Amino acid sequence: EKGGWSSFMAKEISEEPEAVAKTILGRVDDRGTVTIPELDGLDELFLDIDRIVVIACGTASYAGAVGKYAIEKWAKVPVDVELSHEFRYREPVITPRTLVISISQSGETMDTLMAVKFARESGARTVSICNTQGATIPRESDAVVYTHAGPEVAVASTKAFVAQITALYLLALHVARVRGALSAEVIAEQAAELQAIPDKIAAVLENNDTIEQLAHWMADTRAVLFLGRHVGFPIAMEGALKLKELAYIHAEGFAAGELKHGPIALIEPGQPVFVVVPSPRGAQTIHSKVVSNIEEIRARGARIIAIAEEGDVAVLPSADEVIRIPLAGPLFEPLLSVVPLQVFAMALASAKGLDVDQPRNLAKSVTVE
Ligand code: BG6
């Protein structure tokens with residue numbers, strides 16, 4: 001039931017802190033050791049693999065794209081992220097040392113199910129990340145790591161997305177421990193960062209006024225661009241997808257570094273551009289490069305809405321609006337920066353009088369290929 005909320009989506013976004021907290025529950029102990037009980041007995045497999053392929057569709061694929069940064073950094077295993085329907089219809093190199101991780105909220109998406117079956121038949125080992133107990137994809141996989149976001153009713157995914165990133169991060173830390181790729185101390189530090197996320201998401205959700213107002217002002221907008229770099233890149237893609245799905249607005253996400261290689265030609269006076277700004281406390285060069293991108297598009301008249309960490313003053317001179325997110329480790333920013341983008345798409349769709357729970361032409365789980 002919707003409770004007092006205007007839509008299932010509004011309710012589900014409000015449940016994001018809980019979705020992350022419940023996904024962590026029982027997987028991090030008092031000493032900060034990360035152990036996913038469902039992966040018990042797979043140590044040999046994790047020691048043996050030389051490559052991970054993540055397969056998914058839609059929002060789940062962007063969760064996978066965020067997860068790649070964490071798996072490579074922590075577990076030190078190379079990761080490719082592929083759309084399920086593209087993976088299956090070519091001749092991917094799969095060996096018994098390939099681990100295929102599928103991500104699906106419903107666990108029923110036919111494109112992903114067929115890709116998992118194909119991967120198994122080709123000799124890969126398979127782990128699924130799924131939000132629905134007993135769904136088909138986990139049944140077809142060697143192991144499953146459930147996200148505990150609770151039932152997601154709105155067609156476009158929100159709380160499942162943050163739960164999927166959480167599950168991928170836990171998986172990355174689990175594999176890093178098994179492979180000895182990180183010290184127990186570093187694993188505990190990262191686990192503590194993850195455990196701090198629910199309260200930080202709650203803080204972001206308390207500051208929704210600016211983004212909701214912005215959505216109302218922008219109800220007539222015809223095109224919106226999203227830029228991000230590093231883990232902010234898949235978040236820019238997800239922000240654009242949400243706006244397409246919910247508000248039927250032409251939206252595109254780009255890697256900020258790619259701007260000069262094409263997309264900057266799209267910038268004309270008044271063009272709204274959301275920029276997911278990496279923390280200045282992380283890689284300095286990435287932060288300053290994104291700030292330069294903001295200056296470049298500002299000079300061409302773009303209207304800039306920056307999603308930036310508290311206290312990042314470098315964005316102030318060029319951004320028209322700044323949406324603040326609490327401080328978090330660089331890899332954890334996506335769990336915070338995606339929230340205002342979800343709220344923006346939902347508020348803009350509502351301002352247009354659209355049904356945010358049931359967008360036209362879309363279905364919650366697509367059971368045809
Ligand atoms: C699409 C939904 O059809 O399927 C998206 O509209 C979703 O919201 C995608 O991200 C993948 O779904 P699932 O259940 O496999 O995560």
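Atom set for the values below is all heavy atoms of this structure, side chains included, hydrogens, waters and symmetry mates excluded. If you're wondering where the values come from, they're calculated on a predicted model, not measured in any experiment. Indexing begins at 1, ligand by ligand and atom by atom, following the structure's order.
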If you count the atoms of ligand 1 from 1 in the order shown, which ones are under 4.0 Å from a heavy atom of [X]?
X	result
S157	8 (O)
S104	13 (P), 14 (O), 15 (O), 16 (O)
V155	6 (O), 8 (O)
T59	10 (O)

List the atom pairs, donor and acceptor, that lie under 3.5 Å between side-chain atoms in residues 247-261 and the rest of the protein, sequence neighbours left out.
| residue | atom | partner | partner atom | Å |
| --- | --- | --- | --- | --- |
| Y248 | OH | R360 | N | 2.8 |
| K260 | NZ | G257 | O | 3.0 |

Exercise. Looking only at non-hydrogen atoms, which of A60, C57, G58 approaches atom 11 (C) of ligand 1 most closely?
Worked result: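 Looking at heavy atoms only, C57 sits closest to atom 11 (C) of ligand 1.
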Problem set entry | Per atom 14 (O) of ligand 1, closest listed option by heavy atom (A160, S106, S365, A154) |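 It is S106 that holds the nearest heavy atom.
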Give the residue, atom name and distance (to 0.1 Å) of the protein heavy atom nearest [atom].
atom	answer
atom 12 (O) of ligand 1	T109 OG1, 3.4 Å
atom 2 (C) of ligand 1	A363 O, 3.9 Å
atom 5 (C) of ligand 1	E245 OE2, 3.9 Å
atom 4 (O) of ligand 1	K364 O, 4.5 Å
atom 16 (O) of ligand 1	Q105 N, 2.7 Å
atom 3 (O) of ligand 1	V366 CG2, 3.2 Å

For this session: Report the hydrophobic cluster partners of L83, with the cluster defined as I, L, V, M, F, W, Y residues connected by side-chain heavy atoms closer than 4.5 angstrom, directly or transitively.
Result: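 So far as hydrophobic clustering goes, L83 is joined with none.
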Problem set entry | Salt bridge present between K11 and E15 (N-O < 4.0 angstrom) |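 Counted as a salt bridge, because a side-chain N and a carboxylate O are separated by less than 4.0 Å.
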Exercise. Hey, are R120 and D142 close enough for a salt bridge, meaning a charged N less than 4.0 Å from a carboxylate O?
Worked result: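 A salt bridge links R120 with D142.
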Problem set entry | Passing candidate, side-chain contact (heavy atoms from CB on, under 4.5 Å) with L194, options T166, T23, L331 |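 Looking at T166, T23, L331, the match for L194 under the side-chain contact (heavy atoms from CB on, under 4.5 Å) is T166.
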Exercise. Between V162, I235, V276, which is the residue that forms a side-chain contact (heavy atoms from CB on, under 4.5 Å) with P334?
Worked result: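 One option only clears the test, and that one is I235.
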Exercise. Does D40 use its side chain to pair, donor to acceptor, with the backbone of P37 at less than 3.5 Å?
Worked result: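 Looks like no, no N/O pair under 3.5 Å.
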For this session: Just say parallel, tilted or perpendicular for the rings of F226 and F274, cut-offs at 30° and 60°.
Result: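 Taking F274 first and then F226, their aromatic rings lie parallel (interplane angle under 30°).
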